[in-house]
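A short write-up of the structure that comes next.
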Amino acid sequence: MKTALIIFSMLAAAPAAAQVMAPAEYVNTAGASDLYERQSSQIVLQTTQDPKVRQFAQQMIAEHTTSTADVKAAAARSRVPVAPPALMPAQAELIAQLRAESGPARDAIYLAQQKASHNQALDVQKAYAMDGTAPALKAAAGKIVPVVESHIAMLKAM
């Protein structure tokens, strides 16, 4: 329970999706989210014995690599500079928390983090897809929304 509260409080500190992000902020936020998804999935793959967790983590690496490429391409079309993705402080804390665990405890924390982070990512993607100001980035966000929704559905089934 304590872990879940820490996760949700850290993610609550992430940028609010209710306000429309500037294109560069959206690119940075999406990049950080994808980087977190890839890094956390790589960490859990080091120790998980659960085939469902393993399959999910492998899919997260592949699909968040694709979404990063899609956002980078859209940013280039929109002439929005793209810095290398960097984790936000809350995401770095989540990674540290994941590294501190192993085995089934790591799997449980990973899944809890994934649920929270995907809900946050969905809010960001939906908001930009609806109200974003750079058409190419808006289209990319719209393409990413159903992918994140499918991740959330997979998590609910686990």
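Any value given below was found using the heavy atoms of this structure, including those in side chains, with hydrogens, waters and symmetry copies removed. Everything numeric in this text was worked out from a predicted model, so none of it was measured.
The two residues A121 and S33 make their nearest non-hydrogen contact at CB-OG, 3.7 Å. Here the closest non-hydrogen pair linking S78 and A134 is OG-CB, 3.8 Å. Nearest heavy atoms, A74 versus L137: CB-CD2, 3.7 Å. The two residues D70 and A140 have their closest heavy-atom pair at O-CB, 4.2 Å.
In this structure, K138 contributes its side chain and M130 its backbone to a donor-acceptor pair below 3.5 Å. Of the possible donor and acceptor atoms, none in the side chain of R106 sits under 3.5 Å from a partner among the backbone N and O of V44. Remark: side-chain polar atoms of D34 are paired, donor with acceptor, to backbone N or O of T68 under 3.5 angstrom.
Under the 4.5 Å side-chain criterion, counting only non-hydrogen atoms from C-beta, R38 is not in contact with M60. Here the side chains of V53 and L45 are not in contact, with every heavy-atom distance at 4.5 Å or above. The closest side-chain heavy-atom distance from F56 to K52 is not below 4.5 Å. Taking the side chain as every heavy atom from C-beta outward, Q114 and E37 approach each other to under 4.5 Å. With a 4.5 Å cut-off on side-chain heavy atoms, H64 and Q59 do not count as touching. Looking only at side-chain heavy atoms (C-beta outward), L94 and S40 stay at 4.5 Å or farther from each other.
Between the CD atom of E93 and the CG atom of L87 there is a distance of 11.0 Å, given to the nearest 0.5 Å. Note that CE of M21 is 9.5 Å distant from CG of N28, once rounded to the nearest 0.5 Å. A distance of 8.5 Å separates CD of Q49 from CG of D107, quoted to the nearest 0.5 Å.
Counted by atom type alone, T48 and R54 present zero donor-acceptor pairs between their side chains at under 3.5 Å. With no hydrogens or angles considered, a side-chain donor-acceptor pair links Y36 and Q113 at under 3.5 Å. Using modelled atom types and a 3.5 Å distance limit, the side chains of Q91 and Q39 yield no donor-acceptor pair.
Residues I61 and I152 do not share a hydrophobic cluster, clusters being chains of Ile/Leu/Val/Met/Phe/Trp/Tyr side chains in contact below 4.5 Å. The same ILVMFWY cluster, assembled from side-chain heavy atoms under 4.5 Å apart, contains both I109 and I43. Y110 and M154 fall within the same hydrophobic cluster, defined by Ile, Leu, Val, Met, Phe, Trp and Tyr side-chain heavy atoms under 4.5 Å apart, directly or through other members.
No more than 12 heavy atoms of other residues, nucleotides or ligands sit less than 6.0 Å from atom CD of Q55. In Q46, the CD atom is crowded: over 12 heavy atoms of neighbouring residues, nucleotides or ligands sit closer than 6.0 Å.
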Could you walk me through whether K126 and E149 satisfy the side chain to side chain contact (heavy atoms under 4.5 Å, CB included) test, starting with their C-alpha distance in whole Å, then the side-chain angles of each, then the deciding distance to 0.1 Å, before giving a yes or no? CA-CA 10 Å; K126 278 185 170 180; E149 288 173 334; 3.5 Å; yes
Kindly indicate, with the supporting measurements, whether the criterion side chain to side chain contact (heavy atoms under 4.5 Å, CB included) is fulfilled by V147 and Q125. CA-CA 10 Å; V147 175; Q125 298 297 342; over 6 Å; no
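Ring geometry for Y26 versus Y128: interplanar angle under 30°, hence parallel rather than tilted (30 to 60°).
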